[in-house]
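Below: one structure, written as structure tokens.
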2 protein chains.
Amino acid sequence: MLSVRKRKILCLLVARYIETAEPVSSSDIKADYGEEISSATIRSELAKLEEMGYLMQPHVSAGRVPTAKGYKVFVESIPTEGGMLPAVADMREYLDRKMDEVGDVIRTTAKLLSDTTNYTSVIVVKNIGEVLVRDVRLVDIGQNKALVIIITDSGILKDCIIDLPADMGNTYLNTAMELLNRMFSMHTVEEIKELVDHVEDEIAQYKMILDQIITSLERYQNRNQEVIIEGTSRLLDVPEYQEEADRMRGVMSIIDHKELLTDMVGDGELELSFKIGKDDGIENGSLVTATYRINDNQQVHAGVIGPERMDYRKVVTILKNLETTIKSVMDDKED
Amino acid sequence: MLSVRKRKILCLLVARYIETAEPVSSSDIKADYGEEISSATIRSELAKLEEMGYLMQPHVSAGRVPTAKGYKVFVESIPTEGGMLPAVADMREYLDRKMDEVGDVIRTTAKLLSDTTNYTSVIVVKNIGEVLVRDVRLVDIGQNKALVIIITDSGILKDCIIDLPADMGNTYLNTAMELLNRMFSMHTVEEIKELVDHVEDEIAQYKMILDQIITSLERYQNRNQEVIIEGTSRLLDVPEYQEEADRMRGVMSIIDHKELLTDMVGDGELELSFKIGKDDGIENGSLVTATYRINDNQQVHAGVIGPERMDYRKVVTILKNLETTIKSVMDDKED
DNA sequence: GTTAGCAGTCAGGGATAGAGAGTGCCAAAT
DNA sequence: ATTTGGCACTCTCTATCCCTGACTGCTAAC
């Protein structure tokens with residue numbers, strides 16, 4: 001629906017605007033165009049592109065500036081197989097430092113991403129699929145409370161503290177643990193819920209414990225979404241925002257309401273996701289994320305947040321490189 | 001070292017500047033002064049105050065603006081017994097919502113603080129004093145790993161995963177646990193370190209476990225400092241920062257490097273702490289914190305971060321109110 | 001030590017003018 | 001039917017000027 005020439009002109013314009021931050025004129029494009037073409041021709045094409053909503057003019061005697069819609073055409077044209085950037089060659093070094101947990105890897109990755117792109121970075125970890133319970137342990141911690149440790153196929157759940165009946169005997173906990181393991185082991189949360197509803201009788205006296213554990217499991221499965229943001233102050237480096245602080249607001253409000261991000265990052269199937277401008281939920285801003293699957297149950301969305309006039313090429317290249325780097329580091333951790 | 005009249009003039013000036021954000025002239029002060037005094041007299045006092053470093057002039061024919069030093073004199077003059085603000089009357093409501101853990105209380109408090117003051121809020125939780133170990137549990141989680149649960153007098157440590165020797169027998173863990181409890185129970189971390197160094201022989205075969213646990217305990221004692229920041233985007237509401245984004249940088253860099261905050265919040269003994277300006281580590285910004293002790297082992301520093309021209313009176317009042325509110329909520333949680 | 005008065009300084013706003021950039025449109029060429 | 005060259009037009013940007021208003025610092029009198 002966009003002629004080859006229009007697309008080429010549009011992309012050249014966006015590329016130049018990203019570089020110079022100034023409205024692009026017809027003669028600018030003529031200079032970049034390669035083949036011979038007159039500026040008048042370009043002008044008429046620009047007029048049409050503007051009419052179609054890809055461009056806009058700050059004022060009548062200025063060049064053109066891309067709209068969110070215009071940027072989107074541009075980002076589609078970026079080859080995702082971009083070459084290695086010199087700056088990202090040493091990503092591996094960052095990540096090779098000894099790290100105890102996956103959480104550390106994520107946190108470091110966020111820093112790395114912010115440092116290499118010079119934008120504010122964002123990482124969202126999502127649980128996908130069902131959690132399979134492997135083993136359940138109960139640890140008495142005094143004061144009629146117990147700590148529940150649930151070993152699942154995607155990690156260990158250990159933040160669940162439950163209340164115990166006051167008159168509990170000594171063997172009570174052990175029996176409960178046995179029962180729990182018999183019932184829960186190798187089942188998903190959904191299955192466990194079913195089960196508990198059906199065999200009321202046998203477990204009546206442990207009902208209190210069971211309910212608390214199931215609540216906790218459900219919470220784990222549903223809202224275990226971590227959002228990490230690094231390099232907030234890099235927003236200040238963006239010239240657009242320096243001139244008018246108001247423009248920063250759209251981006252800032254997202255940083256303040258991290259929970260919004262979980263829905264804004266890619267939808268899982270897409271490798272790269274671009275959210276640009278108000279219609280996508282970021283006024284005067286843009287969010288580029290890549291989706292990585294680190295294991296069967298967890299998905300990581302990593303990306304950057306910045307102005308609409310973002311260096312998408314660089315960001316895409318870095319995100320692609322990050323994928324291979326993360327994969328290799330994670331694989332090492334498996335051993 | 002500052003005459004009564006100079007102090008009065010300085011405080012009137014700061015108060016007015018905080019309100020109007022505009023340089024204050026000698027006649028402005030004359031209007032606020034109460035008693036009869038000529039503007040010429042005030043001018044000569046202002047000149048001296050400027051010479052002493054409490055004030056500055058943006059330009060020669062403008063009024064005066066306080067320096068960081070000037071603000072500090074002002075904040076000393078704020079009565080800490082300020083009355084209840086209408087806006088804070090319902091703090092209790094915020095905090096009354098059911099919250100599972102101390103962590104939740106803290107997080108909600110941060111939001112509350114940001115909402116009531118309209119500044120970015122900051123909360124730092126510090127461990128003070130020695131951690132006393134009460135009980136140690138080991139839970140086998142498969143793959144030659146165990147989860148260590150340490151119940152201390154100030155909380156439960158449950159994020160420590162240790163490696164086990166590969167050829168471990170079935171009773172190994174139980175024996176180790178018994179040994180650990182015998183050795184650790186009711187001792188501080190320092191004492192435990194001593195102990196382990198001395199009775200090498202008996203425990204040789206459990207050395208591996210012990211070392212890992214001690215490392216973990218030390219880390220818990222030292223760096224268990226949580227820093228929570230809420231309402232970052234409120235920085236954008238500050239007029240000073242809107243005009244010149246560069247000024248925001250000082251404050252932003254602190255938000256980006258939370259670890260800096262642990263040293264900047266009050267020194268423990270002081271009830272309220274004011275850090276204003278570059279010399280205090282915040283260029284073009286100011287950090288006001290109050291210190292609350294929530295139990296024998298933990299200290300909470302709560303405060304706000306904003307421009308030098310902050311509404312200190314309001315902030316102080318709110319922080320004072322927060323103290324009573326937090327105390328009452330925490331006491332309820334004890335039950 | 002305080003006050004009144006006066007001269008001096010400077011920011012801020014409005015008006016004006018010229019330069020430069022870039023477009024839109026039209027008529028001619030392909 | 002598309003492309004091109006040319007031209008008139010529009011609008012921003014910058015500089016300059018000037019004026020006004022706001023304060024101050026200073027001095028001399030009280």
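Letters go in sequence order (proteins before strands), and every chain restarts at 1. Small disclaimer: the values here were computed from a predicted structure and weren't measured.
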Determine whether A/Thr120 and A/Val304 satisfy the following criterion, side-chain contact (heavy atoms from CB on, under 4.5 Å), listing intermediate values before the conclusion.
CA-CA 6 Å; A/Thr120 305; A/Val304 300; over 6 Å; no
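- With rounding to the nearest 0.5 Å, the separation of OG in B/Ser26 from CZ in B/Arg43 is 4.5 Å.
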Take B/His301 and B/Thr291, measure what side-chain hydrogen bond (donor to acceptor under 3.5 Å, both in side chains) needs, and give me the verdict at the end.
CA-CA 5 Å; B/His301 303 272; B/Thr291 301; 3.1 Å; yes
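- Rounded to whole Å, atom C1' of D/dA22 lies 15 Å from atom CD1 of B/Ile29.
- A donor-acceptor contact under 3.5 angstrom links the side-chain atoms of A/Arg43 to the base of D/dG6.
- Within residues 5-25 of chain B, the residues approaching DNA chain D are B/Ser25, by heavy-atom distance under 4.0 Å.
- With a heavy-atom cut-off of 4.0 Å to chain B, the contacted part of DNA chain C has its first and last nucleotide at C/dT2 to C/dA11.
- Between B/Glu283 and B/Arg247 there is no salt bridge, since no side-chain N of the basic residue sits under 4.0 Å from a carboxylate O of the acidic one.
- Applying a 4.0 Å cut-off to non-hydrogen atoms, the residues of residues 45-61 of chain A that approach DNA chain D are A/His59, A/Val60, A/Ser61, listed by residue number.
- B/Ala62 comes within contact range of the sugar-phosphate backbone alone, with a heavy-atom separation under 4.0 Å but no base atom that close.
- Backbone-only engagement by B/Ser26 is indicated by non-hydrogen atom pairs under 4.0 Å involving sugar-phosphate atoms exclusively.
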How far apart are the C-alpha atoms of A/Arg234 and A/Ser114, what are their side-chain angles, what is the distance that settles it, and do they pass the side-chain hydrogen bond (donor to acceptor under 3.5 Å, both in side chains) test?
CA-CA 8 Å; A/Arg234 287 192 207 272; A/Ser114 177; 2.8 Å; yes
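- Map A/Arg64 and B/Thr41 each onto its nearest nucleotide of DNA chain C; the residue landing nearer the 5' end is B/Thr41.
- If you take CD1 on B/Ile254 and CZ on B/Arg249, they are separated by 13.5 Å, rounding to the nearest 0.5 Å.
- B/Thr109 is not listed as a side-chain neighbour of B/Val300, based on a closest heavy-atom distance of 4.5 Å or more.
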Go through it in stages, so that I can follow the logic: the residues are B/Lys72 and B/Asp280, the test is salt bridge (charged side-chain N to carboxylate O under 4.0 Å, His left out), and I'd like the CA-CA distance, side-chain angles, deciding distance and then a yes or no.
CA-CA 11 Å; B/Lys72 287 190 185 178; B/Asp280 290 354; 2.7 Å; yes
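- Surrounding CD of B/Glu51 are at most 12 heavy atoms belonging to other residues, nucleotides or ligands under 6.0 Å away.
- Atoms OH and CD1, from A/Tyr312 and A/Ile18 in turn, are 6.5 Å apart once rounded to the nearest 0.5 Å.
- Proximity of B/Ser273 to B/Val265: side-chain heavy atoms (C-beta onward) are nowhere separated by under 4.5 Å.
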